[in-house]
Amino acid sequence: IMARKQSDLALRESRLLQEKQQLEADRQRELAEFKSRFYTNITHEFRTPLTVILGMSEQINGHERERELIGRNGRQLLGLVNQLLDLSRLESGSVGVHYIHDDIVAYLRYLTESFYSAAERRSLRFLFYSEENELLMDYDETKVMQIVNNLISNALKFTPAYGKVVVHTSRARTEEGEWLKLIVQDSGIGISSEDRARVFDRFFQVNGAAEGGTGVGLALTRELVDILGGTIEVRSEPGAGTTFEVRLPIRDDYRTAAPSTPGGS
Ligand code: ADP
């Protein structure tokens, strides 16, 4: 009798534990859904009045300096709001991938070109170098653009005058398959090993500093790379520079791929 009671007890205990775990899982899911809804709503609410403020500021006559300040700060805030919105959409899994089939080397070269004047203004040497003349593959233009723009603008931002920024692309083969390898390397201030572990966290900035930054760019970049089935790594030596390496799988099946889900970005 004792033995049976004990085994009954054990059974009941394990059932209770299971129920508890289920409740906890439900709670976590609800919390995640709430968080994502909250982000999306609040960023939408921010965007509308900001757009009005920016539009109105353009119509003010005179007050050049004030107008410029309103414009610059407004655009910065709008940039942050848009980044947050992108991030929450990515995290909620509601973003689809939209592939085109084209030469990604030409596209990367084109994206890089728009940074030449910014680099020149900051007296930086800025180079694009590709080991492949062309590379036909499926890629998502908007997502690749966001990834590249985030990495290059960081490299320019955190590299003092007379430094160097290099964008390098090549093809890599591993056990898992073939990859497009994209390297953005700078000779800037670098990131300590302690901070390196956290640069992909949302809102993280070394020393909470960064001129006009938000700490969202790299979190967004990592989500984008993830959704494309790629990887991103950072190597750095404080004072000597930083290298971000992105790998995107070379896919060549967009014609046969399942149609992407509607409602994506
Ligand atoms: P933001 O640039 O808007 O501050 P990010 O998420 O893009 O946000 O970057 C987070 C932080 O990582 C930056 O504030 C900076 O401290 C550090 N960081 C990113 N890229 C570099 C780089 N190329 N060199 C040095 N530090 C960097």
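The model shown is predicted, which means the values in this text are computed figures rather than measured ones.
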Would you mind checking if [Y] and [X] are paired as a salt bridge, meaning a charged N to carboxylate O distance below 4.0 Å?
X      : Y      : value
Arg67  : Glu64  : yes
Arg122 : Glu120 : no
Glu33  : Arg29  : yes
Arg235 : Glu245 : yes
Arg72  : Glu68  : yes

[atom1]/[X] to [atom2]/[Y] distance, rounded to the nearest 0.5 angstrom?
X      : Y      : atom1 : atom2 : result
Ile250 : Asp138 : CD1   : CG    : 10.5 Å
Asn82  : Leu220 : CG    : CG    : 10.5 Å
His98  : Lys143 : NE2   : NZ    : 5.5 Å
Asp140 : Ile147 : CG    : CD1   : 8.5 Å
Leu218 : Ile232 : CG    : CD1   : 6.5 Å
Glu45  : Leu50  : CD    : CG    : 12.0 Å

Taking atom [atom1] of [X] as the centre, does the number of heavy atoms from other residues, nucleotides or ligands within less than 6.0 Å exceed 12?
X      : atom1 : result
Glu141 : CD    : yes
Tyr116 : OH    : yes
Phe46  : CZ    : no
Glu132 : CD    : yes
Glu194 : CD    : no

Gln22 versus Asp26, side-chain donor and acceptor atoms under 3.5 Å: yes
Thr112 vs Ile152 side-chain heavy atoms within contact, under 4.5 Å: yes
Close side-chain approach of Leu224 to Leu90, heavy-atom, < 4.5 Å: yes
Please find the pair of heavy atoms, one from [X] and one from [Y], that lie closest to each other, and give the distance.
X      : Y      : answer
Phe200 : Val234 : CE1-CG1, 4.0 Å
Lys181 : Ile183 : CE-CD1, 4.0 Å
Ser153 : Asn149 : OG-O, 2.6 Å

Polar side-chain atom of Ser130 near backbone of Asn133 as donor-acceptor pair, under 3.5 Å: no
Check against side-chain contact (heavy atoms from CB on, under 4.5 Å), Val167 and Leu108: CA-CA 9 Å; Val167 179; Leu108 292 171; 5.9 Å; no
Partner residues of Tyr129 under the ring pair (Phe, Tyr, Trp, His ring centres under 6.0 Å) criterion, sequence neighbours left out: His168
Residue pairs passing the ring pair (Phe, Tyr, Trp, His ring centres under 6.0 Å) test where at least one lies in residues 63-82, sequence neighbours excluded: none
